[in-house]
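Written out below as structure tokens is the structure these notes cover.
Any value given below was found using the heavy atoms of this structure, including those in side chains, with hydrogens, waters and symmetry copies removed. Proteins get letters first, then strands, A, B, ... in listed order; numbering begins at 1 in each.
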4 protein chains.
Amino acid sequence: MKILLNKLASQNEIADLVTVLDAHKLFFNVDQSSPVTTISVVGDPQVMTELKLENLEFVERIEPIKVSYKLVSREFRQDDTIVDVNGVKIGGDEPFITMAGPCSVETEAQIFECARIAAEGGAKILRGGAFKPRTSPYAFQGLEELGLKYMRKAADKYHLQVITEVMDEAHLDMVAHYTDIIQVGARNMQNFKLLQAIGKTKMPVALKRGIAGTIDEWLNAAEYIAAEGNMNIIFVERGIRTYETATRNTLDLSAVPVIQKLSHFPIIVDPSHGVGIREFIEPLALASEAVGASGMIVEIHPNPEQAWSDGQQTLNELEFKQMMKKLAVIEEAILKIKEI
Amino acid sequence: MKILLNKLASQNEIADLVTVLDAHKLFFNVDQSSPVTTISVVGDPQVMTELKLENLEFVERIEPIKVSYKLVSREFRQDDTIVDVNGVKIGGDEPFITMAGPCSVETEAQIFECARIAAEGGAKILRGGAFKPRTSPYAFQGLEELGLKYMRKAADKYHLQVITEVMDEAHLDMVAHYTDIIQVGARNMQNFKLLQAIGKTKMPVALKRGIAGTIDEWLNAAEYIAAEGNMNIIFVERGIRTYETATRNTLDLSAVPVIQKLSHFPIIVDPSHGVGIREFIEPLALASEAVGASGMIVEIHPNPEQAWSDGQQTLNELEFKQMMKKLAVIEEAILKIKEI
Amino acid sequence: MKILLNKLASQNEIADLVTVLDAHKLFFNVDQSSPVTTISVVGDPQVMTELKLENLEFVERIEPIKVSYKLVSREFRQDDTIVDVNGVKIGGDEPFITMAGPCSVETEAQIFECARIAAEGGAKILRGGAFKPRTSPYAFQGLEELGLKYMRKAADKYHLQVITEVMDEAHLDMVAHYTDIIQVGARNMQNFKLLQAIGKTKMPVALKRGIAGTIDEWLNAAEYIAAEGNMNIIFVERGIRTYETATRNTLDLSAVPVIQKLSHFPIIVDPSHGVGIREFIEPLALASEAVGASGMIVEIHPNPEQAWSDGQQTLNELEFKQMMKKLAVIEEAILKIKEI
Amino acid sequence: MKILLNKLASQNEIADLVTVLDAHKLFFNVDQSSPVTTISVVGDPQVMTELKLENLEFVERIEPIKVSYKLVSREFRQDDTIVDVNGVKIGGDEPFITMAGPCSVETEAQIFECARIAAEGGAKILRGGAFKPRTSPYAFQGLEELGLKYMRKAADKYHLQVITEVMDEAHLDMVAHYTDIIQVGARNMQNFKLLQAIGKTKMPVALKRGIAGTIDEWLNAAEYIAAEGNMNIIFVERGIRTYETATRNTLDLSAVPVIQKLSHFPIIVDPSHGVGIREFIEPLALASEAVGASGMIVEIHPNPEQAWSDGQQTLNELEFKQMMKKLAVIEEAILKIKEI
């Protein structure tokens, strides 16, 4: 619900109200950007009803939050949420963030090389898979904890943050120990128990859109995380499944402004999975920045031809660094555009 | 791999070979339907190589199983697999099996009424959700263990088997304690860790097709279950996501003969989720039987208008019983057709 | 609009009203199936307004037809429309009709053989393409008028009706001269000028669903034909484009009961294009009949391996005749089902 | 076929060969960008065979053009084709071109206002529909010739070129009389007879992608135009139909680099139809430019709320001019990027 206060409301009264909401374990957001203060509240409906807030003298009226995803919605919070990953900030007017690294962690040397390339190119975050969801049970499934260790060491050496996928609740503690951002893969967008468990960690989480997930389902999936008290969510558009087979998926860049309208959480783009073909990644990365995404996640490898997985959609060092230079030019342009 | 024996092979030699395969923990299938015996083997590639079976005098040659799903494929087993649920048989030339029940278990009285209607109508298996995957975290999520208890009691009273969904590994033991068939929902078709855990139970498992799952991905998902030694798999076609909004999903009945060609496991159809509109369920159920499915799973409720979930796609007692009579007529027709 | 008469209305008054509607060139349908007569009227809104029918003493009230397709809708006509093709009746409770023939007319001998097979198998209508819409301009485009002549002769010899596609208005007169049913191909579902021209012929027309046509668009496309006074429309479900590549298209059998609810015109199914793979056509044909379609259109060839187009989805003589015997068994079953 | 010449080939011999190809009415392209001259030839296969070009002393070898679309392919022509619309150039390294105007021409005043806004904003081409393909036959179908006249006058006053849609061959001459670019709408992408007729005009043609057209089908559709000798083709990406309903269509920006790789013809983007929602058009327009499109086509109206069609996806004067300023900033950035 949204509590619209009237002009009588003093800062003391607001502070008291906030204390009450907090004591009842309700989620809330105070918006004082307009003359009328609005406090959005989400939580146990019975508790909210019993508080009888509509009886308070300084409450003008109470309105429902109309969408089914509450904490995730712009109705709940009007300002952009900036997700802070140990000082690396994602969202709002923060600079475009690049997450780069291999599809899979293969060897210690390989992930260190990837980290070097990523850092030199200007990426702030190292990606890499230690647990790999593979269509076939007989395909390489990842180095598991060993991969996590290698990645952590490589990231630390090059002052990068780590993002990596967790595939099930059983490995969540282990993954959380090594990573800075927990990634939820496309196949798990609606693995609700996993989302709830991740919600409880309060750690930054990158929630990939399901292969055929609607934007509405995606926002509701994020609500499963937020409802556990985790407000560090990053949406990742990674292409949807359509009839077109010229590209691996159909990258839906329209999702960027749509999510930005409906939610306060940042959204980044994964052009590697979005198109799935190496030579088309750069133009789509430029488009992702121009459309207003807060960052991107991209696959790189010192030697893509010999990558254990996803080589056909992985950039080499030269391609990655070229792309990063071009992204910097678009970034400048976007700063100018914001002044128009 | 497939070991094609030559004419020299005696039954004793075959028995010895089987003993060796078994001792090495390989999966195998012996096909003696043609004059040339073929033994299909799946397992650790290194173990298979070290056996040097090609050197045996009675081995003609060795061929690979070409598809990525091995145990699930017709290449591995040529005969239809009949899944036996405590005497209720599904697949092959067995009668068309109906699984019926509510979307969610709501109350003890409701599930008993559903069980009565299901049994009177001729269903052999009671469906019902105790753990419900819901798009929104604020929607009703199921009665959990209490629901399982009610369902078990209701099924036992009416001599029905139970099918119910498990959403995560943490609840698998509990669900397995009460149910006869474990259902994997569409959202979890590629929740590989859950599939592996279910594989280890060796229990009958109904694997729903993902909302945008390809047939190839579906077969590979089943391989995750089979690779743990569980050869009691039932595919469930439940409609795929397309651009058409006149129905909830687009029921893909072509998947029935396609799966039957590629796999030896049975496939049933879920017309309730497939069309999502009550009045269209009966014609699609008739079509499901005519296309050759081994059964169906359908939502019923003593009072669909008051169902806690999915009421718009749920049949009442009269509609269900009418449909069952019509299905019996199609069944007779199919028996005649098999003689043509 | 729908004119609901009150109990005062005499048959004479109704007859007079009908004369007036006719004189004003309005389309109308009189429904006396219930005690209250309803006359549905479609046409120039201004003419309808100026008639001030609401002032007539025996008019209870006037209601709008709510859907955008008027003449095509069940709101306009409650009874099933039976399309009569020179005595061959399609729709309502008429027997399931089979249209069979080659993808393309290739030679005189080939189409005569097809006609023989079709007739012997029990088909009533001969299909065949003389103008072929091909993805590439360099592919075989059809025998054109020569093909039409061959087809007419072959059909006449075997007492069959002819259905063939017209691709543009320029050839409409020519095609109409030889055929009994004009087919509109999937690519032309929304070629509105062609639809209007076909509407003016008043001939039976088979309107294929567009490759990504929604049911709503399809009904509106039919309205373009009906609005020219042609009430001899047959819908043809032929599969829609989805992400699934295991079959050529995804045959949407749910469209059959949906169209039957929303429109009074008959719907038939094209399993050949629907699945696109020879061995899956028979089960889908059986399902099409069981779901309640009024007929089907199927590709046959004396020698599918040597067909100039679509050989992989074409039945040979034996396969076709087997299938027709099985369809006859389902037909019997459906007659029994109608009595339940 | 591609004729690869050897080093013996003199310019005289090449000139003679070209004369022969021309005399036999073959299409050809001479590429001398590398030391080895390649002449690509498309036309009647029999004629090409009879020329026995492989016997010429200065011919190294002959290779087939492997794709089904020949003239349209990069194999036929390696350089970018620049389409010249009376001096306005589209494609290659030419500046990003904007086509702007209303969905439908409504009144003389309206189209003049649109032309003024378009010109002031920096557009070079005026769009507007005089013949409107509408889902329902009862919706506004366009002003027809009157609309064309108004548009021509408005464009002339503001020194703009005209683009407008032709829906059928019968109106082609009339439309061609008034317009500078003929537009083929999404519903007509595979109206092959219309494509051939437009091919014969040799006029610039903007070929919209079908609502569910694959990139391969789109290229082949363009081949129908090119095979008639019209090499002035502009591809228009306008969004494809997917399951997502948050936007009108799913704008497939990946299609831009894919088409640029496979074809030498330019591609532009239609963000208005692509997203269908006013506030999302600007970000997608910026992305379209950043991804490398040669231009865009966008709907504007002096008063979108009162537009007779498509108002919800139409920009007003202020929005359009703001967007154009931002596009200019991206354009500058792209010039810098080309130097990296």
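Contact count against chain A (heavy-atom pairs under 4.5 Å) is highest for D:Ile240 among D:Leu253, D:Asp216, D:Ile240. Heavy-atom pairs under 4.5 Å with chain A peak, among D:Thr247, D:Val258, D:Val275, D:Thr250, at D:Val258.
Rounded to the nearest 0.5 Å, atoms CG (A:Asp252) and CD (D:Glu244) are 6.5 Å apart.
Within a 6.0 Å sphere centred on NZ of D:Lys2, other residues, nucleotides and ligands contribute more than 12 heavy atoms. Around the CG atom of D:Asp93, the shell of radius 6.0 Å holds no more than 12 heavy atoms that belong to other residues, nucleotides or ligands.
For A:Glu282, no part lies under 4.5 angstrom from a heavy atom of chain D. Only the side chain of A:Thr242 has a heavy atom closer than 4.5 Å to any heavy atom of chain D.
Taking each heavy atom of A:Leu251 and D:Ser254 in turn, the nearest pair found is CB-OG, 4.1 Å.
Interface with chain A: from residues 326-340 of chain D, residues D:Lys326, D:Val329, D:Ile330, D:Glu332, D:Ala333, D:Lys336, D:Ile337, D:Ile340 qualify, criterion being any non-hydrogen pair under 4.5 Å. Scanning residues 285-292 of chain D against chain A with a 4.5 Å heavy-atom cutoff picks out D:Leu286, D:Ala287, D:Ala290, D:Val291, ordered by number.
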Worksheet item: For D:Arg241 and A:Tyr243, what are the C-alpha separation, side-chain angles and deciding distance, and is it a side chain to side chain contact (heavy atoms under 4.5 Å, CB included)?
Response: CA-CA 9 Å; D:Arg241 182 162 277 174; A:Tyr243 67 85; 5.7 Å; no

